[in-house]
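Residues take their numbers from the sequence shown, with the count starting at 1. Read the numbers this way: they start at 1 and go in the same order the structure lists the ligands and their atoms.
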Amino acid sequence: MRVLSVASEAYPIIKTGGLADVVGALPAALAPHGVALTTFLPGYPALAAVTKRAKVVHRYTDLLGAEARILKAKIGDHPLLVLDAPALFARGGGPYGDATGADWPDNWRRFAAFSRAAADLASGAVPGYAFDILHAHDWQAAMAPAYLRYAPGPAKPARTVVTIHNIAFQGRYGYDIFADLALPDIAFALDGVEYYGGVGYLKAGLEAADAITTVSPTYAAEIRRAEFGMGLEGLINDRASRVTGIVNGIDPAVWNPETDASLPARYTTRTLARRRTNKRAIETLFGLDTEDGPLFTVVSRLTGQKGMDVLAGALDELVTLGGRLALLGSGDIELEHAFLAAAERHPGRIGVRIGYDEPVSHLLQGGADAILIPSRFEPCGLTQLYGLAYGCIPVVARTGGLADTVIDANEAAIAAGVATGIQHDGVTPEALSHALRRTLSLYARPDRWAMLQRNAMRADFSWDESGRRYANLYSSLLEPA
Ligand SMILES: Nc1ncnc2c1ncn2[C@@H]1O[C@H](COP(=O)(O)OP(=O)(O)O[C@H]2O[C@H](CO)[C@@H](O)[C@H](O)[C@H]2O)[C@@H](O)[C@H]1O
């Protein structure tokens with residue numbers, strides 16, 4: 001089975017968040033199930049190294065107004081296609097905006113062109129290329145199924161899957177762009193690309209897709225409610241029979257404490273004491289006091305989704321209770337300032353690094369005692385999975401994938417020997433305070449804490465099962481109706 005996986009980022013080439021980890025891991029996750037997956041990415045400057053000697057497989061003189069080429073390269077050992085369109089993608093800053101974080105004003109054109117090219121690959125417009133399934137990730141790729149539906153190429157169009165990694169980002173634009181999308185007028189319909197009078201990219205993809213997935217069963221249920229659906233709950237309910245939740249796995253080649261080159265000391269469940277060396281390295285890097293007391297970490301975008309405002313308000317208490325915090329993140333400027341101010345108030349107890357740093361994120365998982373994830377909503381969440389694998393106990397809000405992947409250390413779960421973390425209901429100062437206190441009282445019982453760590457590290461979040469689920473979903477779409 002041949003699948004085209006269409007996304008705006010993929011680890012290790014270009015990453016701003018969890019989407020990249022998943023897209024980067026899918027080819028290896030699906031190969032054992034007989035799925036040959038080709039990844040399709042926009043040609044940002046970060047791809048220059050991998051496309052240097054790439055073969056041109058297709059040329060456009062006018063792809064929604066831009067000159068473009070499709071290049072053939074590799075991501076690891078797996079096939080990669082790249083949309084090289086300098087007018088759209090060859091610019092500094094990030095994949096979605098300039099260096100200040102402001103979105104590019106032509107994102108509608110950039111990702112419509114990218115989706116149009118994906119649809120061409122998946123419907124016979126590019127000689128030598130054919131795919132059974134087009135799998136589009138998030139709004140940046142979601143117009144591809146809409147193009148396949150309304151303006152396919154010469155061959156039978158591939159069947160389509162859209163995966164929602166975060167429904168909060170929808171790619172919503174005014175009606176004025178419609179004329180430039182090169183879609184027939186009938187596409188501007190209630191069950192087409194129309195969204196509240198304008199154009200909605202994610203909405204269009206969800207209407208056109210043969211199957212919709214999101215990244216955990218609980219989030220799949222949550223987005224049927226107004227509180228989580230962000231305006232798309234009606235559509236999700238109408239199409240509920242096509243919606244499934246498939247939890248993300250983690251890539252053992254990247255996230256494994258036994259082999260992780262970013263850790264000063266590597267370890268297993270049998271050598272947990274070696275984590276102390278990593279803790280010392282964190283203390284040095286973050287300017288924290290040297291001691292064996294509880295060390296919390298945060299590795300996150302600093303946003304309201306992640307509950308970082310509530311956490312910032314809980315830091316004085318965290319310190320009063322005897323905890324320390326090493327935080328790595330970037331995002332909302334007020335939140336960055338709030339965490340930096342807390343670090344100034346509590347020298348030696350709170351250390352903050354504003355920025356994005358992959359190796360430091362590994363060190364924090366490998367040396368801190370617990371990772372705080374008080375998200376208001378979380379489609380799956382990966383940092384709690386990395387925490388589990390590294391014995392860095394996740395302290396999480398009971399929502400979305402966090403609810404599905406962490407087993408709360410209540411008395412029954414402890415007695416049964418299955419607890420892997422701490423959950424709290426709601427993202428309020430009281431709930432967070434209670435969770436911090438529970439965590440610290442567990443930490444004060446070394447036997448219980450070590451049991452939690454061992455349970456967490458043994459929990460299976462490999463891609464085996466989820467890879468099989470995606471493969472089964474693809475197969476089901478290819479069966480005759
Ligand atoms: N400052 C920093 N430095 C280094 N690394 C950093 C970092 N800040 C974050 N990261 C890394 O970025 C990734 C974040 O992934 P998450 O799944 O937690 O959230 P995100 O909201 O980006 O993803 C969305 O998509 C994913 C994938 O489906 C869903 O799991 C999730 O719920 C959804 O919101 C992790 O690999 C983390 O280590």
| task | May I ask you to check whether Y470 and H135 place their ring centres under 6.0 Å from each other? | result | yes

| request: Please identify which atoms of ligand 1 are closer than 4.0 Å to at least one heavy atom of Q305. | output: 34 (O)

| query | Where the closest heavy atom to atom 21 (O) of ligand 1 is concerned, which of R301, R353, Q384 has it? | reply | R301

| message | Heavy atoms only, cut-off 4.0 Å: how does L19 contact ligand 1, side chain, backbone, both, or neither? | response | backbone

| field | Closest approach of any protein heavy atom to atom 6 (C) of ligand 1, naming residue and atom | value | Y356 CE1, 3.3 Å

| task | Output yes when the distance from some N or O of ligand 1 to some N or O of G355 is under 3.5 Å, and no in every other case. | result | yes

| message | Taking 4.0 angstrom as the limit and counting only heavy atoms of G329, give me the atoms of ligand 1 inside it, by number and element. | response | 1 (N)

| message | Between K15 and D21, does any side-chain N to carboxylate O distance fall below 4.0 Å? | response | yes

| field | W139-F111 aromatic ring centre distance below 6.0 Å | value | yes

| task | Examine distances only and state if a side-chain atom of Y474 and a backbone atom of R159 form a donor-acceptor pair shorter than 3.5 Å. | result | no

| field | Side-chain donor-acceptor pair present, S5, H137, cut-off under 3.5 Å | value | yes

| field | Numbering as shown, the atoms of ligand 1 that approach H165 to under 4.0 Å (heavy-atom distance) | value | 24 (C), 25 (O), 27 (C), 28 (O), 33 (C), 34 (O)

| request: Decide whether Q305 and N166 meet the rule of one side-chain donor and one side-chain acceptor closer than 3.5 Å. | output: yes

| How far is atom 37 (C) of ligand 1 from its nearest protein heavy atom, and which residue and atom is that? | T383 CG2, 3.6 Å

| note | In ligand 1, the atoms that come under 4.0 Å of a heavy atom of E378 are 31 (C), 32 (O), 33 (C), 34 (O)

| Distance filter under 4.0 Å to S300 heavy atoms, resulting ligand 1 atoms | 8 (N)

| query | With no hydrogens and no angle check, is any side-chain donor or acceptor of R324 less than 3.5 Å from a backbone partner on G293? | reply | yes

| query | Which residue holds the protein heavy atom closest to atom 3 (N) of ligand 1, what is that atom called, and what is the gap in Å? | reply | D357 N, 3.0 Å

| Geometric N/O contact S330 with ligand 1, under 3.5 angstrom | no

| said: Determine whether D316 and R345 satisfy the following criterion, salt bridge (Lys or Arg N to Asp or Glu O under 4.0 Å), listing intermediate values before the conclusion. | reply: CA-CA 9 Å; D316 294 340; R345 281 199 308 280; 3.0 Å; yes

| remark: The atoms of ligand 1 lying under 4.0 Å from a heavy atom of G18, numbered in the order shown, are 13 (C), 14 (C), 15 (O), 17 (O), 20 (P), 22 (O), 23 (O), 26 (C), 27 (C)

| task | Among all protein heavy atoms, pick out the one at the shortest distance from atom 19 (O) of ligand 1; state its residue, atom name and that distance to 0.1 Å. | result | K306 NZ, 3.1 Å

| remark: A student checking ligand 1 against K15 at a 4.0 Å heavy-atom cut-off should list atoms 11 (C), 12 (O), 35 (C), 36 (O)

| Element-labelled atoms of ligand 1 that are located less than 4.0 Å from some non-hydrogen atom of V22 | 27 (C), 28 (O)

| Of all the heavy atoms in Y386, does at least one lie under 4.0 Å from an atom in ligand 1? | yes

| Are the side chain of R110 and the backbone of P95 linked by a donor-acceptor contact shorter than 3.5 Å? | yes

| request: Could you tell me whether G381 and ligand 1 have an N or O pair separated by under 3.5 Å? | output: yes

| request: Check for a donor-acceptor pair, side chain of D210 on one end and backbone N or O of T160 on the other, with a separation under 3.5 Å. | output: yes

| query | What part of L382 sits under 4.0 Å from ligand 1 if we count only heavy atoms: the side chain, the backbone, both or neither? | reply | both

| said: Tell me the contacting part of N248 for ligand 1: side chain, backbone, both, or neither, using a 4.0 Å heavy-atom threshold, strictly below. | reply: side chain

| Do R172 and Y195 meet the cation-pi criteria used here (NZ or CZ under 6.0 Å from the six-membered ring centre, within 45° of the axis)? | yes

| field | T268-E258 side chain donor-acceptor pair, cut-off 3.5 Å | value | no

